[in-house]
Amino acid sequence: MGFTIGGIREMRSGSRRRGRTSGRASDCTTVAEFTGLWGWDVVPGARAVDGACSCGKADCPAPGAHPLDPAAVVPAGATLDEVTESWGQFPGAAVLLPVGRAFDIIDVPEGAGRRALTRLERMGLPLGPVVATPEGRAHFFVAPGAAAELPSLLYRMGWDDASLDLHALGAGAYITAPPSDRAGLGPTSWLRAPSLDTATQPPQARLLLGTLAYVAHRSPCA
């Protein structure tokens, strides 16, 4: 993928030595982790300050929560040098991850997500990364295809007629990666950080969906 785990550690320590002064270097190191270590594509995203979007559009429908240029993909496998060259064209950009390529997302309220995460860990079920957003949502990484399969999965599990605050995000959607700010509301954060296994092989949605649906149903105001 362009560098090793040891290389990542060296990048981190080198970044600290050179650089606590350089936010750009830190951003590039973060992006290079996502591309080189976790195998994810990355896209530069807009930021919002005082309600104004950095894209420059006064009527932007999603300030600070959309790609600056969806075509400006830093591909999985990009090295730190390649990331630095690409990301330098978008100084200060938020880090966005395209959904539907390496993973889909199951989206639930953060409170329900935290409770479900505890249950799933106790049950010993496979888990992928989980992100908390400043809007109070939890994003569970699952295998690609979950968004298309969600209606039939809920039907087979008997949750199709329930009122659930549970959604799937698939191809065409983007999530804001930690620790980038989302929509001027604050940073996203990891409820469960990625690892080599979970980033490259997120679990099938069907393994988590029963617990997520149950907790979301029991906690409609979570």
Strictly distance-based, threshold 3.5 Å: is any side-chain N or O of [X] a donor or acceptor partner for the main-chain N or O of [Y]?
X: Thr35; Y: Val31; value: yes
X: Arg47; Y: Ala183; value: no
X: Ser180; Y: Ala94; value: no

Rounded to the nearest 0.5 Å, what separates atom [atom1] in [X] from atom [atom2] in [Y]?
X: Met157; Y: Leu209; atom1: CE; atom2: CG; answer: 4.5 Å
X: Glu33; Y: Leu80; atom1: CD; atom2: CG; answer: 10.5 Å
X: Ile106; Y: Leu169; atom1: CD1; atom2: CG; answer: 8.0 Å
X: His167; Y: Ile105; atom1: NE2; atom2: CD1; answer: 13.5 Å
X: Leu212; Y: Arg115; atom1: CG; atom2: CZ; answer: 12.0 Å
X: Gln201; Y: Leu196; atom1: CD; atom2: CG; answer: 11.0 Å

Is it true that [X] and [Y] fall in one hydrophobic cluster, defined by side-chain heavy atoms closer than 4.5 Å?
X: Leu125; Y: Leu166; value: yes
X: Trp159; Y: Leu150; value: yes
X: Val99; Y: Val74; value: yes
X: Val108; Y: Leu153; value: yes
X: Val130; Y: Tyr214; value: yes

Selection residues 194-204 - residue pairs positive for salt bridge (charged side-chain N to carboxylate O under 4.0 Å, His left out), sequence neighbours left out: none
Selection residues 63-88 - residue pairs positive for salt bridge (charged side-chain N to carboxylate O under 4.0 Å, His left out), sequence neighbours left out: none
Could you tell me which non-hydrogen atom of [X] sits nearest to which non-hydrogen atom of [Y], and how far apart they are?
X: Leu207; Y: Pro126; value: CD1-CG, 3.6 Å
X: Thr30; Y: Pro179; value: CG2-CD, 4.4 Å
X: Ser163; Y: His217; value: O-ND1, 4.2 Å
X: Ala78; Y: Val83; value: CB-CG2, 4.0 Å
X: Trp87; Y: Pro44; value: CH2-CA, 3.4 Å

Partners meeting side-chain contact (heavy atoms from CB on, under 4.5 Å) with [X] (sequence neighbours left out):
X: Ala102; result: Trp40
X: Thr211; result: Ala116, Arg119, Leu120, Met123, Val215
X: Pro63; result: Ala48, Cys53, Cys60
X: Arg114; result: Glu110, Leu191

Side-chain touch Leu97/Phe103, heavy atoms, less than 4.5 angstrom: yes
Pairwise side-chain contact, Trp190 with Pro194, heavy-atom cut-off 4.5 Å (strictly under): yes
Sequence neighbours excluded, every pair satisfying side-chain hydrogen bond (donor to acceptor under 3.5 Å, both in side chains) that has a member inside residues 92-104: Asp41-Arg101
Under the side chain to side chain donor-acceptor pair (under 3.5 Å) test, residues paired with Ser189 that sit two or more places apart: none
Other ILVMFWY residues reachable from Val49 by side-chain steps of under 4.5 Å: none
Residues clustering with Val43 (ILVMFWY side chains joined when closer than 4.5 Å, directly or via others): Val73, Leu96, Tyr174
Trace of the side-chain contact (heavy atoms from CB on, under 4.5 Å) decision for Val95 with Asp27: CA-CA 8 Å; Val95 179; Asp27 288 347; 5.6 Å; no
Under 3.5 Å, sequence neighbours excluded: what are the donor-acceptor pairs made by side chains of residues 133-148?
| from | atom 1 | to | atom 2 | distance (Å) |
| --- | --- | --- | --- | --- |
| Thr133 | OG1 | Glu135 | N | 3.3 |
| Thr133 | OG1 | Glu135 | OE1 | 2.9 |
| Thr133 | OG1 | Arg137 | N | 3.2 |
| Glu135 | OE2 | Arg182 | NE | 2.7 |
| Arg137 | NE | Asp107 | OD1 | 2.9 |
| Arg137 | NH1 | Asp165 | OD1 | 3.3 |
| Arg137 | NH1 | Asp165 | OD2 | 2.9 |
| Arg137 | NH2 | Asp107 | OD1 | 2.5 |
| Arg137 | NH2 | Asp165 | OD1 | 2.9 |
| His139 | NE2 | Asp107 | OD2 | 2.9 |

Side chains of Thr198 and Ser195, donor plus acceptor under 3.5 Å: yes
For Glu121, all residues meeting salt bridge (Lys or Arg N to Asp or Glu O under 4.0 Å), sequence neighbours excluded: Arg192
